Amino acid sequence: MTLERYNAPEREAHWQQVWADRETFKTREDASKPKYYVLEMFPYPSGRIHMGHVRNYTMGDVVARYRRAKGSNVLHPMGWDAFGMPAENAAMQNKTHPAEWTYANIDTMRRQLKTMGLSIDWSREFATCHVDYYRHQQKLFVDMLAKGLAYRKSSKVNWDPVDQTVLANEQVIDGRGWRSGALVEQKELTQWFFKITQYSDDLLEALATLDKWPEKVRLMQTNWIGRSEGMQIRWALKDAPKGHTELEIFTTRPDTLFGASFMAIAPDHPLAKAASTSNPKLAAFCDDCRRMGTSVADLESAEKQGFDTGIRAVHPLDPTWTVPVYVANFVLMEYGTGAIFGCPSGDQRDLEFARKYGLPVIPVVMPKDGNAETFAIDDEAYVDDGVMINSRFLNGMDTVAAFKDVQRRLETATLGNGPVGTLKVQFRLRDWGISRQRYWGCPIPVIHCKSCGVVPVPDKDLPVVLPDDATFDVPGNPLDRHPTWKHVACPKCGAEAERETDTMDTFVDSSWYFVRFTAPAAATPVDATAAKYWLPVDQYIGGIEHAILHLLYSRFFCRAMSATGHLALKEPFGALFTQGMVNHETYRAKDGQWVTPAEVRIDSDASGRRAVLIATGEPVEIGSVEKMSKSRRNTVDPDDIISQYGADCARWFMLSDSPPERDVEWTEAGVEGARRFIQRIWRAVDEAVAKGAAKGTPMPTGFGAAGEALRRAGHKTLEAFSRNVENLRFNVAVAQLYELTSTLTAAMGQSEDGLPWAIREAAELLIQMLGPMMPHLAEECWARLGYNTLLADQPWPEPDKALLVDDTITIAVQVNGKRRGELTVRREATSSEVEAAVMQLDGVLRALDGKSPKKIIVVPQRIVNVVA
RNA sequence: GCGGACGUGGUGGAACCGGUAGACACACAGGACUUAAAAUCCUGAGAUGGCAACAUCGUGCGGGUUCGAGUCCCGCCGUCCGCACCA
């Protein structure tokens with residue numbers, strides 16, 4: 001055979017050029033077609049693309065190309081999540097500018113992505129660090145401010161006293177700053193927040209409508225929002241500082257009120273602060289508690305600690321009963337009212353606290369089948385529902401009835417200015433703090449004026465542009481220390497004023513980029529017509545690591561943008577798919593150093609696999625399979641793979657074997673397998689051109705057995721493949737193409753009237769199905785099959801329904817549930833026909849051993865079970 | 001601690017709604033072609049016993065429902081993930 005091997009790198013460059021020249025993937029608004037918006041989470045321009053990107057964008061590209069062929073008008077854009085800390089860190093280390101570093105990375109990564117042959121409309125590309133993007137984000141901010149969706153409040157930050165800078169949580173390692181190693185302190189700063197809690201209920205309830213999201217993600221968001229129903233109850237205080245006549249707490253268990261033995265308030269609670277002024281020991285205790293907060297690591301093991309304030313609280317259901325008020329380290333100011341009542345018998349934390357400080361433990365709920373005389377609490381609280389005991393008028397009720405009874409009594413009782421207790425829904429969700437004391441982010445467009453206060457930058461003065469000439473040689477916020485940038489006149493009164501020097505969290509940038517893609521050049525943040533046509537995103541694909549924050553913030557932004565008139569949409573992503581990670585074996589040399597896969601050669605035989613260093617032949621230890629990471633040096637550079645084997649090979653491997661939601665292990669052997677398959681397709685098409693009918697030959701009137709079988713295989717594969725791609729079951733779809741290829745190859749070894757036509761048909765179907773997965777090879781084969789059109793422009797073939805159902809079928813025959821043979825019958829065979837045929841089978845007769853069957857269960861077209 | 005997912009050959013994984021377990025691929029073994037190798041093609045293979053036909057066992061473990069269970073139910077064991085003092 002003189003057929004040359006398919007030269008992937010060379011042909012891939014060719015087809016990428018053809019697509020670019022013809023603007024094949026440029027999206028045009030076309031109301032005559034149904035729209036389909038496919039989006040993969042846009043990358044952070046960290047330097048180079050990695051295999052995770054390759055997997056993510058391959059999956060998205062299969063969907064995009066498939067939908068396009070199916071007749072949808074597809075939007076498949078790409079951009080850059082380009083603001084963020086790494087650029088600023090790089091600037092400090094390398095004495096460059098964050099913009100320079102970022103744009104250089106974008107150029108590299110764009111070039112890399114283009115070698116993947118993605119069907120992306122590159123004309124819509126943008127980077128969030130460009131003023132043409134963030135100017136619109138500033139407009140959104142100003143509008144949210146006007147609507148009360150953005151506000152300022154005092155909040156704690158991690159403060160590095162040596163570097164004099166604010167640290168993100170991930171920059172705090174074991175309670176110390178990641179650069180300076182100094183002990184991190186908590187510092188109060190006034191910061192900007194988005195009022196996401198305004199939509200707590202809506203964000204929670206709308207999860208039910210997202211039926212094309214993974215159950216896991218919806219559950220994670222449900223837990224994150226954390227809705228709980230309970231009561232807010234006010235207790236009168238005795239011996240309290242002036243002005244503190246009562247204490248309000250939140251509880252989900254008002255039914256256990258008679259089990260109360262103490263009150264506990266957060267160290268930051270106003271009552272704690274008031275009591276501290278006259279009590280130095282208490283003040284010292286509160287300070288201790290605050291320091292504990294910094295080292296999140298040992299929070300888990302932190303012991304319950306409390307301090308008796310001397311204040312007493314009056315039980316709301318018995319004015320003669322008082323309990324002590326403690327400050328406790330486990331009560332959070334941010335949740336509920338920052339105060340609780342302690343019921344040790346019904347809550348494990350309260351129990352530990354009570355045991356430590358010798359407080360009473362009164363059992364108030366026992367299991368339904370419990371004995372009130374003997375039921376006691378030892379070292380485990382009883383937290384389940386049950387029957388009330390030791391609770392006066394509640395005794396004998398179940399917990400639900402007791403809740404209602406207490407609610408009725410507290411709502412009618414009054415204290416001070418209103419009812420003692422009110423029904424209340426609490427959420428775990430907190431407002432979203434967006435202030436970052438950094439340079440490389442979207443400036444928050446407000447001005448602080450001594451007389452006018454916080455003044456939003458007027459629309460006519462937008463955008464607030466980052467100054468190019470910031471310095472990065474010392475820690476701290478470059479915007480704040482810039483000599484001129486922050487000094488401006490107040491837009492209201494004209495007096496000297498200062499710009500806000502905080503920039504926005506980069507999660508803000510990624511909370512609406514998918515909207516901007518629908519009209520990336522619009523003069524306003526959103527083009528209403530384009531947004532209405534394209535949104536919501538039909539299929540969003542990305543990593544599970546964004547299951548909570550990014551997706552929740554984007555859902556919030558849709559609501560906020562709708563409230564400010566920019567959008568009319570609640571949910572941004574109709575369907576979500578979370579893909580697994582790319583893993584690789586790890587290798588360690590004798591000296592314990594990690595070794596990269598590129599430096600290692602694997603030899604394997606029946607006795608196992610061994611790894612050696614290519615350079616020296618020295619043996620290398622094969623370690624566990626881990627997520628690709630720089631620290632373990634088990635990464636494979638997509639550039640190397642693509643330049644050596646081609647993009648199609650990398651794409652095909654990513655889609656094969658592992659289900660897309662699960663982790664995939666990148667292996668050299670697997671890549672070799674993909675490469676072999678590419679050559680196999682190449683040869684098969686060559687053979688099909690030689691042995692198949694000429695292009696455009698009319699269909700023969702009849703086919704022999706081989707032709708008929710090949711046609712059925714082709715159409716059945718088409719039907720199943722399409723279904724699997726639609727359900728993103730790429731690994732199964734891939735297996736089907738392997739199978740069809742084998743069937744086609746085998747058929748070409750035969751000869752029969754009509755078979756050449758069937759061969760051409762099967763080859764064409766195979767190539768068309770291959771199109772979304774290995775687009776370059778498919779174009780090449782399409783041309784070889786005699787077409788001068790682009791495969792990328794071909795409509796998706798429709799299976800011939802008549803070929804999907806067989807006239808005769810083979811079904812399994814069981815005796816007592818054990819398979820004893822099989823039976824080939826007409827598809828429409830009646831149960832009695834099947835029964836009769838079954839009783840002729842050797843295997844059945846042998847298994848029956850002369851006995852006659854009790855009954856025969858016939859499941860049409862499925863199975864027969866003879867019960868003896 | 002709470003919540004969730006998963007557990008199938010040597011490996012990755014298939015198996016629609018409860019109906020022939022192991023598709024497809026990798027690795028392996030044998031064969032063909034070749035002076036040889038590479039490449040390619042063909043064949044084999046869950047385990048045990050048997051020359052074979054075939055039989056028995058087999059989807060983490062133990063029970064259950066069913067004519068029939070990888071799939072459904074109950075109880076364990078293991079692995080992974082998320083949240084974590086949320087009152």
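Everything quoted here is computed from the prediction, not taken from an experiment. The sequence lines fix the lettering, A, B, ..., with proteins before strands; numbering per chain opens at 1.
- Across all strands, Val867(A) comes closer than 4.0 Å only to sugar-phosphate atoms, never to a base (heavy-atom distances).
- Asp347(A) comes within 4.0 angstrom of no nucleic acid atom, judged by non-hydrogen atoms across all strands.
- The nucleotide rA25(B) finds its pairing partner in rU11(B), both defining distances of the Watson-Crick or G-U wobble pair being shorter than 3.5 Å.
- When all heavy atoms of Met333(A) and Pro270(A) are compared, the closest pair comes out as CE-CD, 4.1 Å.
- Here the nucleotide nearest the side chain of Phe330(A), chosen from rG12(B), rC67(B), rC85(B), is rC85(B).
- You'll find that the side chain of Ala735(A) is closest to rA23(B), out of rC83(B), rA23(B), rA25(B).
- The aromatic rings of Trp682(A) and Tyr6(A) sit tilted relative to each other, their planes meeting at an angle between 30° and 60°.
- Whole-Å rounding puts the Gln679(A) CD to rC41(B) C1' distance at 15 Å.
- Side-chain atoms of Arg430(A) come within donor-acceptor range of the base of rC86(B), with a qualifying N/O pair under 3.5 Å.
- Under the Watson-Crick or G-U wobble criterion, with both distances below 3.5 Å, rU71(B) has no partner in any strand shown.
- Of the candidates rC81(B), rC86(B), rC26(B), rC81(B) carries the atom nearest the Lys216(A) side chain, counting heavy atoms from C-beta on.
- For the C1' atoms, the distance from rA27(B) to rC80(B) is 26 Å, rounded to whole Å.
- A cation-pi contact, defined as under 6.0 Å to the ring centre and within 45° of the axis, links Arg428(A) to Trp224(A).
- Of the candidates rG82(B), rA23(B), rA14(B), rG82(B) carries the atom nearest the Met220(A) side chain, counting heavy atoms from C-beta on.
- Aromatic rings of Trp213(A) and Phe577(A) (six-membered ring for Trp) have centroids beyond the 6.0 Å cut-off, not under it.
- Taking atom CG on Leu257(A) and atom C1' on rA87(B), their separation rounds to 13 Å, with Å as the unit.
- As rounded to whole Å, 13 Å separates atom C1' of rA15(B) from atom CZ of Arg723(A).
- In this structure rG3(B) sits in a base pair with rC81(B), meeting the Watson-Crick or G-U test at under 3.5 Å.
- Between the CG atom of Asn816(A) and the P atom of rC67(B) there is a distance of 12 Å, given to the nearest Å.
- Ile857(A) comes within contact range of at least one nucleobase, with a heavy-atom separation under 4.0 Å.
- For rU48(B) and rG10(B), the P atoms lie 10 Å apart once the distance is rounded to whole Å.
- A distance of about 25 Å separates the C1' atoms of rC26(B) and rU20(B), rounded to the whole Å.
- We find that CG of Asp255(A) is positioned 14 Å from P of rA87(B), with the value rounded to whole Å.
- Look at the C1' atom in both rG46(B) and rA21(B): the space between them is 10 Å, to the nearest Å.
- Residue Pro659(A) has its side chain nearest to rA14(B) when only rA14(B), rA87(B), rU20(B) are considered.
- The side chain of Arg349(A) lies closest to rC86(B), out of rC86(B), rU56(B), rA84(B).
- Glu822(A) comes within 4.0 angstrom of a nucleotide base, judged by non-hydrogen atoms across all strands.
- Take the nearest nucleotide of RNA chain B for Thr810(A) and for Arg846(A): the residue whose nucleotide is more 5' is Thr810(A).
- Closest to the side chain of Arg676(A), from the set rA23(B), rA27(B), rG82(B), is rA27(B).
- Note: Tyr326(A) and Phe353(A) meet the aromatic proximity criterion, with ring centroids under 6.0 Å apart.
- Glycosidic conformation at rG9(B) (O4'-C1'-N9-C4 for purines, O4'-C1'-N1-C2 for pyrimidines): syn, within 90° of 0.
- Checking rU20(B), rC54(B), rA87(B) against every side-chain atom of Ile340(A), the shortest atom distance belongs to rA87(B).
- Using a 4.0 Å heavy-atom cutoff across all strands shown, Ser656(A) reaches no nucleic acid atom at all.
- Anti is the glycosidic conformation of rC73(B), whose angle departs from 0 by more than 90°.
- Listed candidates were rC83(B), rC57(B), rA21(B). Nearest to the side chain of Lys818(A) is rC57(B).
- Taking atom C1' in both rU34(B) and rA39(B), the straight-line distance is 11 Å, to the nearest Å.
- One interatomic measurement links the two molecules: CD of Glu352(A) to P of rG1(B), which rounds to 12 Å at whole-angstrom precision.
- Between the P atoms of rA23(B) and rG18(B), the separation comes to 23 Å (whole Å).
- Between rA45(B) and rU35(B), the two P atoms lie 32 Å apart (nearest whole Å).
- The same atom, P, is picked in rU79(B) and in rC73(B); the two are 24 Å apart, to the nearest Å.
- Within the 4.0 Å cut-off from OP1 or OP2 of rA25(B), not a single side-chain nitrogen or oxygen of Tyr738(A) is found.
- With rG19(B), rA21(B), rA84(B) as the choices, the nucleotide that has an atom nearest any side-chain atom of Val859(A) turns out to be rG19(B).
- The aromatic ring centroids of Tyr738(A) and Trp652(A) lie less than 6.0 Å from each other.
- Base engagement by Val331(A) is indicated by at least one non-hydrogen atom pair under 4.0 Å involving a base atom.
- Each of Leu332(A) and Val813(A) was matched to the nucleotide of RNA chain B holding its nearest heavy atom; the match closer to the 5' end belongs to Val813(A).
- Pair check for rU40(B) finds rA32(B); Watson-Crick or G-U wobble, both atom distances under 3.5 Å.
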